[in-house]
S.K.: 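Mind having a look at this structure? Questions to follow.
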Amino acid sequence: QFYSLKVNPHCPDKCSCHFYHFAAGINISPTYTVIVNCSYQNLTSFPSLPQQTTVLDLSHNLLSQDSYDMLDVVSQNYLEITSLILSYNNINCIGTKLLKMKLHRSFKADHNALTEIPYDFSLLLQKYDHNQISLGSNPWHCSCNSEITDQVSGTIYYP
C-alpha cells in the first residue's frame with residue numbers, strides 16, 4: 001500500500017521502480033529508499049524520479065549532452081542518488097551539477113563520449129574507499145596537466 005501511494009505514481013514510464021530499503025514499525029513512519037532501472041529503454045532525456053531514489057540505472061539509452069544539460073538534479077529528485085549508472089550513452093561532458101549528488105556507492109559512465117571530468121567531481125568520486133567507478137572506453141583528452149590514477153576500482157582521469 002505504501003509503495004502504491006509513494007513510489008509507483010512517480011515511477012517513470014518505461015522504467016521499473018522497487019524498494020531498495022523499507023523499514024516500518026509501530027508508531028513510526030516508514031522509511032524507505034528506491035532503486036530505479038531505466039536501462040535499454042531508448043530514453044532521450046533524464047526522467048524525473050520518485051523521492052528517496054538512491055540507485056539509478058540509465059545505461060544503454062540514447063542520452064546525449066543536451067539531455068544531460070537539461071537535467072535538474074533538485075526538481076527531478078536526483079539529490080539522494082548514491083549509485084548512478086550512465087554507461088553506453090552519448091554524454092561528452094560531466095559538469096559540476098553531479099556534485100550535489102551523494103554518489104558514494106558507484107558511478108559508471110563508461111562507453112560514452114567523455115573527454116574530461118571536472119577536478120572537483122573526480123575528488124568526490126575518490127572520497128569513498130569502496131566506491132565503484134567505471135570510466136573506461138571514453139575518448140579522453142589528456143594534457144600535460146592531467147592526472148591518471150587507478151587507486152579505486154576504475155581509472156580516474158582529470159585535468
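Just so it is clear, the structure is predicted and the values come from calculations on it, not from any experiment. Every heavy atom of this structure was used, including side-chain atoms; hydrogens, water molecules and symmetry mates were not.
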S.K.: Hey, what do you get for OG1 (Thr31) to NE2 (His21), rounding to the nearest 0.5 Å?
M.R.: 3.5 Å
S.K.: Taking the side chain as every heavy atom from C-beta outward, state whether Lys6 and Gln51 have any atom pair closer than 4.5 Å.
M.R.: no
S.K.: I want to check something: taking the side chain as every heavy atom from C-beta on, are Ser137 and His111 in contact at a cut-off of under 4.5 Å?
M.R.: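 Touching, per the 4.5 Å side-chain cut-off.
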S.K.: Sequence neighbours excluded, which residues qualify as ring pair (Phe, Tyr, Trp, His ring centres under 6.0 Å) partners of Phe121?
M.R.: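 Phe121 satisfies ring pair (Phe, Tyr, Trp, His ring centres under 6.0 Å) with Phe107 once adjacent residues are dropped.
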S.K.: Side-chain contact, heavy-atom cut-off 4.5 Å: Pro118 with Cys93?
M.R.: no
S.K.: Just by distance, do the side chain of Asn89 and the backbone of Ser87 share a donor-acceptor pair under 3.5 Å?
M.R.: yes
S.K.: Using modelled atom types only, decide if a donor and an acceptor are shared between the side chain of Asn61 and the backbone of Asn42 within a distance under 3.5 Å.
M.R.: yes
S.K.: If we count only N and O atoms by modelled type, under 3.5 Å, do the side chains of Ser39 and His60 hold a donor and an acceptor together?
M.R.: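 Side chains of Ser39 and His60: no pair found under 3.5 Å.
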S.K.: Please examine the side chains of Val34 and Tyr3, heavy atoms only from C-beta on, and report whether any two atoms are closer than 4.5 Å.
M.R.: no
S.K.: Does a side chain donor of either Asp57 or Ser59 reach within less than 3.5 Å of an acceptor in the other side chain?
M.R.: yes
S.K.: Output a table of donor-acceptor pairs, distance under 3.5 Å, between side-chain atoms of residues 72-82 and any protein atom two or more places apart or on a different chain; print 'none' if there are none.
M.R.:
residue, atom, partner, partner atom, Å
Asp72, OD1, Val74, N, 3.1
Asp72, OD1, Ser75, N, 3.1
Asp72, OD2, Ser75, OG, 3.2
Gln76, OE1, Asp72, N, 2.7
Gln76, NE2, Phe46, O, 2.8
Asn77, ND2, Leu49, O, 2.8
Tyr78, OH, Pro47, O, 2.7
Glu80, OE1, Lys102, NZ, 2.8
Thr82, OG1, Thr54, O, 3.2
Thr82, OG1, Arg105, NH1, 3.3

S.K.: Val36 and Pro12: which non-hydrogen atoms are nearest, and at how many Å?
M.R.: CG1-CD, 4.4 Å
S.K.: Donor-acceptor check, side chain of Asn131 to backbone of Leu103, threshold 3.5 angstrom: yes or no?
M.R.: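 Side chain of Asn131 to backbone of Leu103, a donor-acceptor pair under 3.5 Å: yes, one is there.
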S.K.: Is any side-chain heavy atom of Thr115 closer than 4.5 Å to a side-chain heavy atom of Asn92?
M.R.: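 No, every pair of side-chain atoms sits at 4.5 Å or beyond.
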S.K.: Determine whether a donor-acceptor pair (N or O, by modelled atom type, separation under 3.5 Å) exists between the side chain of Asn112 and the backbone of Leu114.
M.R.: no
S.K.: If I take atom CE from residue Met101 and atom CG from residue Leu124, how far apart are they, to the nearest 0.5 angstrom?
M.R.: 9.5 Å
S.K.: Output every pair passing side chain to side chain donor-acceptor pair (under 3.5 Å) with a member in residues 7-20, not counting sequence neighbours, ordered by first then second residue.
M.R.: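 Applying side chain to side chain donor-acceptor pair (under 3.5 Å) to every pair that reaches into residues 7-20, excluding sequence neighbours, yields nothing.
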S.K.: Whether the side chain of Tyr68 engages the backbone of Gly95 through a donor-acceptor N/O pair (distance < 3.5 Å, no angle test) should be reported.
M.R.: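 Checking the backbone N and O of Gly95 against the side chain of Tyr68, a donor-acceptor pair under 3.5 Å is found.
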S.K.: Is the closest side-chain donor-acceptor distance between Ser106 and Ser83 under 3.5 Å?
M.R.: yes
